[in-house]
Amino acid sequence: MRRPYLLFALDGLLTLISFLLALMLRFEFNAIDYFLQAMLPVIIAGVMIRPITFAVGGIYRRVWRYASTRDFFHLALAVLVGSIIISVIAFSLYPRFVYTLPRSVLGIEFALSLILLGGLRVVFHQFERYPGDILWRRVKLDPARKVLIVGAGNAGVQMLREIQSNPQLGLSAIGFVDDDPRKIGQRVFGLPVEGPIINLPKIAAQRQAEAVIIAIPSAPQQTIQNIKSLCHEAQLPYSTMPPLSSFLQVEEDQPSTLLKVPMALPDITGEEIEAVVRVMQSRNLSIGSQTMAFEKYAASVARAEHAVAVINGTAALHLCIVAGGIGSGDEVITSPFSFVATANVALYEGAKPVFVDIDPVSLNIDPNRIEAAITPRTKAILPVHIFGQPADMDPILEIAERYGLIVIEDACEAIGAEYKGRRVGALGKAGAFAFYPNKQITTGEGAVLVTNDEKWADLFRSLRNQGRDVFDGWLNHSRLGYNYRISEMNAAVGVVQMRRLDTLLRKREEVAEEYRKHLVKIPGVSPLTIVPTTTRMSWFVYPVRFDETIDRNLVMEKLAQRGIPARPYFTPIHLQPFYRERFGYKEGDFPISEAAGKSILALPFSAPMKAEEVQFVCENLAQVLEEIQR
C-alpha cells in the first residue's frame with residue numbers, strides 16, 4: 001500500500017465491524033447495549049491487536065496485486081493468531097467470561113474478520129496497479145540457474161509463474177529487483193523485492209545469483225542497456241524480454257558498455273498510455289474533450305481565467321506576438337539568456353528583439369536595465385522564467401504599466417513556479433507553458449497559453465485553427481491563422497500529467513535537493529541560487545556553475561566519456577550565428593549572459609531519477625574536476 005498507516009487503520013475498523021456484527025448475530029437486538037458495554041475493553045484491545053499481529057506477521061509487506069495462495073494462507077493464520085490473543089485477553093479480563101458470555105461471540109468474530117480482512121485483500125488483488133505493469137503469456141528459458149528477475153511488475157510476476165509452473169526449465173527464481181519504492185522491501189509471490197536496479201551487482205553477489213532475467217519490456221531502450229551494463233559489471237549472463245512478438249533470447253557474451261544515465265526521462269505511467277488508447281478508440285483525434293479538459297487544468301494551475309492549448313511553446317509565444325499587434329519595425333525587450341525561440345517569435349512578425357542583460361544571481365532579465373532599452377518603437381517586454389525560476393515580475397509589470405507596454409511571460413520552463421506566492425504564466429497579459437519530453441510534465445509535443453483576457457483567449461483559439469472564428473462556416477476563415485492545433489492524443493497525456501503535476505514537481509524537488517547535498521562538497525561548482533522572490537521553484541533542468549578557472553566544455557567531454565551526458569545551457573541568443581550575422585552582435589555586448597553561457601552545465605535530471613544515480617553523477621563529476629585540476 002502507498003500509505004501503510006491507512007491500511008493499519010482500515011484493518012482496525014474492519015475488526016471493530018466484525019465485533020459489532022458478531023454481537024448482533026449472537027444476541028437479541030435489545031441486549032446489544034448491555035453486551036457491547038460489557039465487552040468494550042475486549043473490543044478496543046482487538047481493534048489494536050489485529051493490525052499489530054498483521055504487522056508482525058509481515059502482512060503489510062506483501063504486494064497483494066500479485067498475491068498467491070500462500071499469501072492468503074498467511075493472512076488467515078495472522079487473523080487466527082490475533083483471535084487467539086484477543087481470546088486470552090478476554091479470559092484474563094473476565095475470568096468468568098466463559099460462563100457469563102457465550103464463547104461463540106469470539107468464534108463468530110474470527111470468521112467475520114477472516115471474511116472482511118480477506119475480502120479487502122481480494123479487492124487489492126483485483127484492482128491494485130503499479131506503473132509499468134504489462135501482460136505476457138509464455139517465454140522459454142535455457143539452462144538451470146538461480147536467477148534474479150529485474151522488474152516486479154506484471155511481466156516479472158508472469159515470468160515467475162512460468163518458472164514455477166515449468167520445472168523442466170530448470171530455473172530457480174530467488175528474488176526480484178525493482179525501482180518502485182512501494183515494492184522494495186516487500187514480497188511478491190513469496191520472493192523478496194530488492195532495489196533500486198542500480199544496485200543490481202551488489203544484490204546479485206549477496207543473493208549468489210547465477211543469471212538475470214530482464215522482464216520490463218515496456219522500459220526505454222537506454223534503461224535496458226543500463227541494466228545490461230550492470231549485468232556485465234557483475235559478470236552475470238542475462239536474458240531480456242523484448243516486445244511480445246519476439247521470443248526471449250539469452251545473451252551470454254555481451255561486449256562491455258558504459259552505464260549511461262539518461263539526460264532526461266519523462267515520467268510516464270500506465271494511466272497516460274490508457275488515456276491515449278481511449279482517445280484512439282473514440283476516433284475523435286483533434287480539438288475534442290481531452291483538449292478542453294487539458295485547458296481547464298492548465299488554467300487552474302496558472303490561476304488564470306483562460307487557457308488555450310497549441311502544438312508547442314514556440315507557437316504559443318508566436319501567437320502572443322500576433323495578438324499583441326506587434327509587427328514590422330516594433331521592438332520586443334527580452335533576455336539573451338534563453339532558448340532561441342524566445343527571440344525568434346518577434347522576428348516572425350517583422351519585429352526586432354532587443355536584449356537586456358540578466359541578473360547574475362537569478363539569471364533572469366535584470367529589471368534595473370529595462371528602462372534604458374525602451375524606445376518609441378518598444379511594444380512589449382518578454383521576460384523568461386529561466387530554468388523554472390520566476391523573473392522579478394513586480395518591477396517589470398510596473399515599468400510596463402508606466403510605458404504602456406504588453407508583458408508576455410515565457411514560462412515554457414516554469415509551470416507551477418511561484419513568484420511571491422503567485423503562480424507565473426498569467427501575471428502579465430498572457431504567458432506560455434511548454435511540454436517537451438524533458439519538461440516538468442510532457443505531452444510529447446505541446447504547449448498552452450494562459451491569460452485573463454477573454455478577447456485574447458478567443459483570438460488564440462482562432463489563430464491556432466487557421467484563423468477560423470467560432471461562428472465561421474466550414475472552410476471559412478476570418479483572419480490569417482496557423483495550424484497550431486494540439487492533437488487529442490497529446491492532450492490526453494497532458495490531462496493525466498496535469499493531475500500529477502504536484503507529485504512530479506515534488507519528485508523533481510527531491511532530486512534537486514539530492515544533487516545539492518552532494519554538490520556542496522565539491523569545490524569549484526555551485527548549484528543554482530534560489531532567490532527570495534521565488535516562493536516555489538519549478539525545476540526544469542539542474543544547472544550548475546563552474547568557477548572561471550574550470551573549462552566547462554572539458555568537464556562535459558570527460559563526463560560523456562564516463563557515460564554521463566551533460567548540456568551547456570545556454571549559448572546566449574545574440575551569439576548565435578544568425579543573430580551575429582543579421583544584427584552584428586559580438587562578444588562583450590551582454591557580459592553577464594555570456595559569462596553564464598560559458599560556465600553553466602545542466603546535469604542529468606528527471607523526476608524518475610534515483611538517489612543512487614545522482615550520487616553516481618556527482619562522484620564522477622568530482623573525479624573529473626580533480627583530474628583536470630591536477
Side-chain angles (χ1 to χ4, degrees), residues 295 298-310 313-326 330-335 337-339 341-343 345-346 349 351 353-356 358-359 362-371 373-374 378-434 447-460 463 531 533-536 538:
E295 292 171 343
S300 176
V301 166
R303 297 168 188 164
E305 293 295 326
H306 308 281
V308 180
V310 293
T314 305
L317 292 173
H318 180 208
L319 294 189
C320 289
I321 297 293
V322 176
I326 299 168
D330 294 332
E331 294 177 349
V332 177
I333 293 175
T334 191
S335 166
F337 191 67
S338 178
F339 183 60
T342 303
V345 294
E349 295 302 309
V354 174
F355 297 121
V356 169
I358 60 174
D359 175 81
S362 72
L363 304 179
N364 284 311
I365 191 170
D366 188 345
N368 296 319
R369 300 171 182 266
I370 290 177
E371 280 195 83
I374 295 175
T378 304
K379 286 292 187 71
I381 305 174
L382 205 168
V384 181
H385 304 306
I386 203 71
F387 302 138
Q389 171 146 259
D392 194 359
M393 291 299 295
D394 282 346
I396 293 173
L397 293 169
E398 188 275 328
I399 292 170
E401 182 177 6
R402 189 149 34 94
Y403 286 89
L405 305 177
I406 299 168
V407 174
I408 299 166
E409 293 177 71
D410 183 345
C412 291
E413 301 175 2
I415 188 168
E418 294 183 3
Y419 169 77
K420 297 182 179 180
R422 292 133 60 195
R423 289 281 176 88
V424 302
L427 299 178
K429 187 72 169 179
F433 301 127
V448 69
L449 291 147
V450 289
T451 182
N452 291 309
D453 189 304
E454 184 175 3
K455 291 183 179 178
W456 271 43
D458 290 340
L459 182 56
F460 289 150
L463 290 170
V531 297
T533 55
T534 299
T535 48
R536 184 172 194 181
S538 176

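The structure displayed is predicted, hence computed values, not measured ones.
- With no hydrogens or angles considered, no side-chain donor-acceptor pair links Thr533 and Asp392 at under 3.5 Å.
- Contact record, Thr451 with Lys429: OG1-O, 2.7 Å, taken as the closest heavy-atom pair.
- Note that CD of Gln389 is 9.0 Å distant from CG of Asp359, once rounded to the nearest 0.5 Å.
- Shortest non-hydrogen contact noted between Ala298 and Val450 is O-CG1, 4.1 Å.
- Lys420 NZ to Leu427 CG: the interatomic distance, rounded to the nearest 0.5 Å, is 11.0 Å.
- Side chain of Glu418 to backbone of Arg423: no donor-acceptor contact under 3.5 angstrom is found.
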(request) Could you please spell out the steps behind the side-chain contact (heavy atoms from CB on, under 4.5 Å) verdict for Val384 and Ile365? (result) CA-CA 7 Å; Val384 181; Ile365 191 170; over 6 Å; no

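- With Ile381 as the fixed residue, the side-chain contact (heavy atoms from CB on, under 4.5 Å) test singles out one of Ile370, Thr334, Ile408: Ile370.
- Residue Val301 comes nearest to Gly416 through the heavy atom pair CG1-N, 4.3 Å, listed as atom of the first residue, atom of the second, then distance.
- Annotation: the span from Cys320 atom SG to Trp456 atom CH2 amounts to 6.0 Å, rounded to 0.5 Å.
- Judged by distance alone, with hydrogens and angles left aside, the side-chain atoms of Asp410 form no donor-acceptor pair with the main-chain N or O of Thr342 at under 3.5 Å.
- Asp330 is linked by a side chain to side chain donor-acceptor pair (under 3.5 Å) to Lys379, counting only residues two or more places apart in sequence or in another chain.
- With a 4.5 Å cut-off on side-chain heavy atoms, Glu413 and His385 do not count as touching.
- We find the CD-CD1 distance between Glu349 and Ile321 to be 8.0 Å, quoted to the nearest 0.5 Å.
- Rounding to the nearest 0.5 Å places OG of Ser338 at 8.5 Å from CG of Leu382.
- Salt bridge present: Glu371 and Arg402 bring a charged side-chain N and a carboxylate O closer than 4.0 Å.
- Listed here is the closest heavy atom pair of Thr378 and Leu405: O-CD2, 3.2 Å.
- Of all the heavy atoms in Leu449 and Ala316, the pair that sits closest is CD2-O, 3.1 Å.
- The side-chain contact (heavy atoms from CB on, under 4.5 Å) test applied to Ala417 returns Pro390, Ala414, Val424, Ser538, not counting sequence neighbours.
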(request) Begin with the C-alpha distance, continue with both residues' side-chain angles, and end with the deciding distance and a verdict on side-chain contact (heavy atoms from CB on, under 4.5 Å) for Asp366 and Ile358. (result) CA-CA 5 Å; Asp366 188 345; Ile358 60 174; 5.8 Å; no

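- Here the shortest heavy-atom pairing between Asp394 and Tyr419 reads N-OH, 3.0 Å.
- Side-chain atoms of Ser362 come within 3.5 Å of backbone N or O of Asn364 as a donor-acceptor pair.
- Between the side chain of Glu295 and the backbone N or O of His306 there is no donor-acceptor pair closer than 3.5 Å.
- By the 4.5 Å heavy-atom criterion applied to side chains, Val407 and Met393 are counted as neighbours.
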